[in-house]
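Atoms within a ligand are numbered from 1 in the order they appear, just like the ligands themselves.
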Amino acid sequence: MSKNGKNSGRNIAEKLIWIREVLLDLIYPRRCPVCDRVLPFRGGLICTSCANELETVREPSCRKCGRKLFSETAEYCRDCLSVSHTFDRCISAFIYNDAMQRSIFRFKYGNRKEYAHFFVQSMARIGWREIKALHPEALIPVPLHKKRLSVRGFNQAELLASGLSKELGIPVITGLLERRKNTAPQKMLSREARRKNLKKAFQLSSCDVKLKRVIVIDDIYTTGSTLDEIAFLLKGAGVQEVYGFTLCSGISL
Ligand SMILES: [Zn+2]
Ligand SMILES: [Zn+2]
């Protein structure tokens with residue numbers, strides 16, 4: 001095919017994608033991920049006022065877990081000074097504040113899978129420079145147990161990872177890591193209880209992973225126990241560097 005022929009083919013494909021998106025917007029109007037109101041047609045992914053309710057993680061942040069620090073002079077949070085993490089570093093886009101908490105709750109439990117679009121765009125915009133600088137070979141979403149997956153209908157970490165894969169041009173790997181224990185929700189547990197809860201919760205489908213640097217994708221970073229458990233497995237199978245990239249994280253002291 002001639003160069004012009006190729007270009008016009010691409011133009012037609014782009015137009016068809018655009019038409020599909022416009023039609024989808026009309027049939028399923030986008031909702032704001034913070035207040036859940038329907039957004040104006042082709043008017044962005046979040047209300048302007050609600051965008052102000054979300055807080056991006058800025059410096060100073062912990063060099064290990066990436067959570068925002070209150071102290072201007074500290075390099076690590078109190079938690080990372082007392083615990084030796086197995087993962088190398090974590091990066092988060094937002095602070096897990098009230099607005100983010102409500103948003104994630106509807107995303108996971110209120111049938112608002114569509115919020116993933118805003119989350120992915122934000123994570124890519126906020127984190128791309130740091131993520132690219134790590135030269136990762138793959139994105140690995142934290143898996144859900146199949147029982148929980150069948151109740152929810154989707155794995156939020158997988159949605160984020162596949163969107164980020166397209167945005168950042170990094171392949172996503174889903175078959176490598178499995179969740180074999182349907183662990184109790186971690187929210188109310190102490191660090192020690194989380195560790196116990198997660199022991200042997202995951203398994204790898206291969207004991208020889210031919211990757212040097214990977215990024216584990218999840219929605220929330222709390223104590224890092226999940227990331228540590230996964231990093232322990234991956235490093236045991238030959239991966240050299242395991243990083244985390246999460247939608248949000250709490251504030252640390
Ligand atoms: Zn809103
Ligand atoms: Zn930390």
Original post:
Does the distance from a Lys or Arg side-chain N to an Asp or Glu carboxylate O, for Lys235 and Asp228, drop under 4.0 Å?
Top reply: no
**OP:** Kindly report the SG-the Zn ion (ligand 1)-SG angle for Cys35 and Cys47 respectively, rounded to 10°.
**Re:** 100°
Original post:
Does Lys146 come within less than 4.0 Å of Glu178, counting only side-chain N to carboxylate O?
Top reply: no
**OP:** Work out the angle at the Zn ion (ligand 2) between SG of Cys80 and SG of Cys65, rounded to 10°.
**Re:** 110°
Original post:
To the nearest 10°, what's the angle at the Zn ion (ligand 2) between atoms SG (Cys77) and SG (Cys62)?
Top reply: 120°
Original post:
What angle, in degrees and rounded to 10°, do you get at the Zn ion (ligand 1) when you join it to SG of Cys50 and to SG of Cys32?
Top reply: 110°
Original post:
With the threshold set at 4.0 Å, does a side-chain nitrogen-carboxylate oxygen contact exist between Glu53 and Arg102?
Top reply: yes
Original post:
Is it the case that more than 12 heavy atoms not belonging to Asn52 sit under 6.0 Å from its CG atom?
Top reply: yes
